[in-house]
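Positions are given from 1, in the same order as the sequence printed here.
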Amino acid sequence: MRGRGGTARLGRGSLKPVSVVLPDTEHPAFPGRTRRPGNARAGSQVTGSREVGQMPAPLSRKIGQKKQQLAQSEQQQTPKERLSSTPGLLRSIYFSSPEDRPARLGPEYFDQPAVTLARAFLGQVLVRRLADGTELRGRIVETEAYLGPEDEAAHSRGGRQTPRNRGMFMKPGTLYVYLIYGMYFCLNVSSQGAGACVLLRALEPLEGLETMRQLRNSLRKSTVGRSLKDRELCNGPSKLCQALAIDKSFDQRDLAQDEAVWLEHGPLESSSPAVVAAARIDGGGHGSSEGAWRRQDSVSLAQGQCY
């Protein structure tokens with residue numbers, strides 16, 4: 001619109017002049033990173049070589065690429081890998097999915113002399129799978145070695161072989177289960193050397209404790225009174241057989257192949273537990289200077305627990 005005197009007026013809706021500060025190309029505010037005003041966002045003030053509040057394009061582009069690569073990497077990871085890579089988180093072997101279970105110990109593991117095998121058993125996990133699929137687990141904390149025909153306390157003393165002790169003369173890893181006092185069972189594993197074996201004396205219950213308690217209670221003479229404590233479930237050779245439902249039917253089974261009972265590697269520990277070796281004193285009064293092995297950490301003085 002033209003007003004009086006021939007001068008131009010700005011009416012409503014007319015554009016107002018905008019002042020744009022162009023960069024000083026000879027002395028840019030950020031040397032080596034001069035940007036053209038045309039790359040600025042709408043409404044941004046252009047000063048020097050970049051707009052206020054915006055990082056340089058190469059850096060922004062690089063950060064975006066890093067974020068994209070990280071997102072792709074996390075998508076490709078399995079839940080197990082993501083958990084193990086998270087600092088400060090520890091995953092329990094015995095309370096996770098079945099595929100996380102450690103592999104069962106094979107036949108070569110049992111092919112050791114009785115004393116060596118008795119020591120090696122400490123810390124390993126005995127597993128019992130019941131008919132309904134329930135799995136019970138206990139860590140071995142006490143063992144006893146029987147050296148074979150030369151051991152006066154062994155059922156194979158003098159090389160004697162009977163239908164009852166045949167498992168002692170079978171390949172290493174064969175179970176030898178026998179009855180004592182006409183009512184209790186003891187679980188042994190044959191070792192290297194004819195007639196030699198290792199008696200499993202005590203376990204630390206790890207999994208399926210309530211089922212173990214029910215099995216123990218069903219076989220106790222008196223079910224009236226207090227409930228069994230966790231430490232009382234498997235703290236004896238016959239008690240662990242009751243808690244795991246092991247009877248004479250398990251005699252001569254292969255611990256490396258059986259589907260109902262096997263041995264697994266125990267969980268890794270931050271430090272090696274102390275192990276106590278003591279003379280073995282059996283019911284017949286025969287002693288052995290190198291027969292019995294026990295994990296020192298199976299005794300908890302603070303809580304009065306002894307497995």
Side-chain angles (χ1 to χ4, degrees), residues 80 91-111 117-118 120-143 166-168 170-179 183-191 197-220 227-269 295 298 307:
K80 179 179 177 182
R91 178 167 48 86
S92 170
I93 295 176
Y94 297 105
F95 299 94
S96 48
S97 58
E99 60 267 21
D100 293 330
R101 303 286 191 193
R104 66 189 296 163
L105 297 172
E108 66 285 347
Y109 179 85
F110 304 101
D111 193 11
L117 186 61
F121 274 165
L122 297 180
Q124 311 307 338
V125 176
L126 183 65
V127 186
R128 169 76 167 95
R129 179 181 291 157
L130 303 179
D132 63 359
T134 301
E135 292 186 358
L136 312 175
R137 283 177 166 78
R139 179 167 56 180
I140 300 174
V141 295
E142 189 174 355
T143 58
R166 184 171 181 270
M168 300 180 74
M170 297 175 69
K171 68 177 183 177
T174 301
L175 296 182
Y176 170 43
V177 181
Y178 61 86
L179 188 68
M183 59 190 304
Y184 299 119
F185 295 99
C186 290
L187 176 63
N188 302 258
V189 183
S190 66
S191 65
C197 69
V198 175
L199 170 67
L200 303 187
R201 288 194 56 85
L203 304 177
E204 175 188 355
L206 294 176
E207 187 175 325
L209 275 67
E210 287 309 311
T211 301
M212 293 182 187
R213 207 180 321 275
Q214 293 172 12
L215 289 167
R216 283 292 317 279
N217 287 334
S218 67
L219 296 173
R220 294 171 69 189
S227 176
L228 290 170
K229 297 179 181 179
D230 292 352
R231 63 183 175 86
E232 297 175 317
L233 294 175
C234 304
N235 63 335
S238 296
K239 292 178 182 179
L240 71 86
C241 284
Q242 288 181 346
L244 301 183
I246 291 176
D247 55 22
K248 188 64 176 177
S249 67
F250 284 80
D251 186 46
Q252 300 181 23
R253 293 197 188 189
D254 186 355
L255 194 56
Q257 301 292 334
D258 200 84
E259 293 299 320
V261 61
W262 64 88
L263 207 62
E264 293 177 346
H265 275 294
L268 296 178
E269 299 177 280
R295 283 170 58 111
S298 67
Y307 293 100

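Annotation: side chain to side chain donor-acceptor pair (under 3.5 Å) contacts of Arg129 (sequence neighbours excluded): Glu135.
Summarising the geometry, atom CE belonging to Met212 is positioned 7.0 Å from atom CG belonging to Leu203; distances are rounded to the nearest 0.5 Å. The CD atom of Glu232 sits 8.0 Å away from atom CZ of Arg216, with the distance rounded to the nearest 0.5 Å. Taken to the nearest 0.5 Å, the CG atom of Leu244 stands 4.5 Å off from the CD1 atom of Ile246. Between atom CG of residue Leu233 and atom CG of residue Leu209 there is a gap of 5.5 Å, rounded to the nearest 0.5 Å. Here Tyr184 contributes atom OH and Asp247 contributes atom CG; the two are 15.5 Å apart, rounded to the nearest 0.5 Å. In this structure, CD on Glu207 lies 14.0 Å from CZ on Arg128, to the nearest 0.5 angstrom.
Between Pro172 and Phe110, the shortest heavy-atom distance links the atoms CB-O, 3.3 Å. Here the closest heavy-atom approach between residue Thr143 and residue Ala118 is recorded as OG1-O, 2.8 Å. Considering every non-hydrogen atom in both Pro205 and Asp230, the closest pair reads CG-O, 3.5 Å. Counting all heavy atoms, side chain and backbone alike, Gly266 lies closest to Gln124 at N-OE1, 3.0 Å. The heavy-atom pair separating Ala260 from Phe250 by the smallest distance is CB-CE2, 4.2 Å.
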Item to check | Asp254/Met170 under side-chain contact (heavy atoms from CB on, under 4.5 Å): CA gap, chis, key distance, verdict | outcome: CA-CA 10 Å; Asp254 186 355; Met170 297 175 69; over 6 Å; no
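Tested against Leu126 for a side chain to side chain contact (heavy atoms under 4.5 Å, CB included), the candidates Val189, Leu206, Leu187, Leu136 yield a single pass: Leu187. Residue Glu204 is tested with Glu142, Arg139, Arg137 for a side chain to side chain contact (heavy atoms under 4.5 Å, CB included); the sole match is Arg139.
Between Leu263 and Ile140 there is a side-chain heavy-atom pair separated by less than 4.5 Å. No side-chain heavy atom of Leu255 sits less than 4.5 Å from a side-chain heavy atom of Ser190. Using a 4.5 Å cut-off on side-chain heavy atoms (C-beta onward), Lys239 and Cys234 make no contact. Between Leu215 and Gln242, the closest side-chain pair of non-hydrogen atoms is not below 4.5 Å.
Remark: the backbone N or O of Val177 is paired with a side-chain donor or acceptor of Asp251 at under 3.5 angstrom. Remark: the backbone N or O of Asn188 is not paired with any side-chain donor or acceptor of Tyr178 at under 3.5 angstrom.
By the 6.0 Å contact criterion, NZ on Lys171 is open, its count of non-hydrogen atoms from other residues, nucleotides or ligands being 12 or less. The environment of CZ in Arg213 is crowded: more than 12 heavy-atom neighbours from other residues, nucleotides or ligands sit within 6.0 Å.
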